[in-house]
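This report refers to the structure that appears directly beneath it.
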Amino acid sequence: MGFQITPAEYVDYLILAGEEIEKNGEYVTALDAKTGDGDHWVNLNSGFQKLIAMQKELKEMKLAPMLKKIGMTLMSAIGGSSGVLYGSGYLAASKALKEAEVLDIDTLYTFLQTELTAMMERGKAEPGWKTMIDSLYEAAKAYRAAKETGQGERQIIEAMKRGAEEGRDHTREMEAVKGRASYQANKGVGELDPGAVTMCMQLECLGDFILNHILFED
Ligand code: ADP
Ligand code: MG
């Protein structure tokens with residue numbers, strides 16, 4: 001049998017992601033001070049800390065209502081572009097997964113792809129525009145490619161992590177089209193996008209969580 005992430009286990013992942021985000025405050029804020037208005041980490045961190053504080057309530061929920069609750073919480077707690085984008089991503093995932101009980105190799109792909117599409121629609125943004133979308137886009141693309149070529153679950157999750165990292169790293173050369181970095185004369189070229197960095201952190205944590213805690217075979 002393949003991996004299955006229960007809603008309660010998803011909350012355990014969120015706690016790890018929240019801890020990782022919490023640790024990287026100075027780094028992300030310094031990055032966002034160069035190309036944005038410096039508030040990305042403060043906003044995102046307050047959203048995750050809110051989720052961590054709600055862990056007991058979230059752990060008792062079924063998958064789709066839990067994803068909806070996470071989306072609404074992030075939307076109201078984060079503010080800024082990220083709040084709306086993460087909120088839209090989780091709300092869309094909740095709708096797409098209303099029949100699902102757990103995240104497995106198929107429903108996790110649905111989750112990633114739905115979140116990506118919702119963020120692109122809400123942000124009116126495309127991959128390659130130097131945003132958080134770039135990490136998610138490359139992660140979902142690598143996931144699909146590994147799945148379609150018949151690779152095992154461990155390889156698929158490792159491919160997802162590598163995709164996220166490549167997407168993040170490519171934002172360094174990209175010119176911003178949307179968001180505050182696009183107001184700068186050089187369009188942020190030479191700097192990583194802070195939203196892509198924090199998106200990548202979450203995807204890396206999710207990948208590590210699956211590899212270390214959920215997947216025992218393969
Ligand atoms: P802002 O300061 O623009 O309100 P945040 O500080 O919450 O937003 O987050 C900044 C990050 O949001 C950027 O680094 C970028 O990754 C992402 N971002 C901003 N605008 C958009 C957009 N229209 N579509 C996708 N991502 C965006
Ligand atoms: Mg900002």
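Order of listing sets the numbers, starting from 1, for every ligand and every atom in it.
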Min N/O separation Gly195 to ligand 1 under 3.5 Å: yes
Protein heavy atom at shortest distance from atom 5 (P) of ligand 1: Ser82 OG, 3.3 Å
N or O contact, Gly123 vs ligand 1, cut-off under 3.5 Å: yes
Met132-ligand 1 polar pair, N/O distance under 3.5 Å: yes
Listed partners of Phe48 passing ring-ring contact (aromatic ring centres under 6.0 Å, His included), at least two apart: none
Side-chain ion pair, Lys34 and Glu191, N-O less than 4.0 Å: yes
Nitrogen or oxygen of Asp37 less than 3.5 angstrom from that of ligand 1: yes
Under-4.0 Å heavy-atom contact with ligand 1, by part of Leu85 that carries it: side chain
Side chains of Glu9 and Tyr13, donor plus acceptor under 3.5 Å: no
Of the listed options Asp193, Ile133, Asp39, Leu44, closest to atom 15 (C) of ligand 1 (non-hydrogen atoms): Asp193
Asn43 and Asp39 side chains, donor-acceptor separation under 3.5 Å: yes
Lys130 (side chain) donor-acceptor with Met174 (main chain) under 3.5 angstrom: yes
Qualifying side chain to side chain donor-acceptor pair (under 3.5 Å) pairs, either residue in residues 70-99, two or more places apart: Tyr10-Tyr90, His40-Ser82, Tyr86-Gln202
Residues Arg168 and Asp193 bridged, charged N to O under 4.0 Å: no
Any Pro194 heavy atom less than 4.0 Å from ligand 1: yes
Residue and atom name of the nearest protein heavy atom (relative to atom 2 (O) of ligand 1), distance in Å to one decimal: Arg180 NE, 2.7 Å
Identity and distance of the protein heavy atom lying nearest atom 3 (O) of ligand 1: Ser81 OG, 2.9 Å
N/O donor-acceptor pair under 3.5 Å between Gln55 side chain and Ile52 backbone: yes
Residue and atom names of protein N/O/S atoms that fall under 2.8 Å from the Mg ion (ligand 2): Asp37 OD1, Asp39 OD1
Sidechain-backbone polar pair: Asp104 side chain, Thr107 backbone, donor-acceptor under 3.5 Å: yes
Side-chain donor-acceptor contact under 3.5 Å, Asp32 with Thr29: no
Under 3.5 Å: N/O of His40 near N/O of ligand 1: yes
Under 3.5 Å: N/O of Lys130 near N/O of ligand 1: no
Partners passing side chain to side chain contact (heavy atoms under 4.5 Å, CB included) against Asn45 (at least two apart in sequence or in another chain): Ile21, Glu22, Trp41, Gln49
Short side-chain to backbone donor-acceptor contact, Gln113 and Arg144, under 3.5 Å: no
Heteroatom proximity flag, Asn43 to ligand 1, N/O under 3.5 Å: no
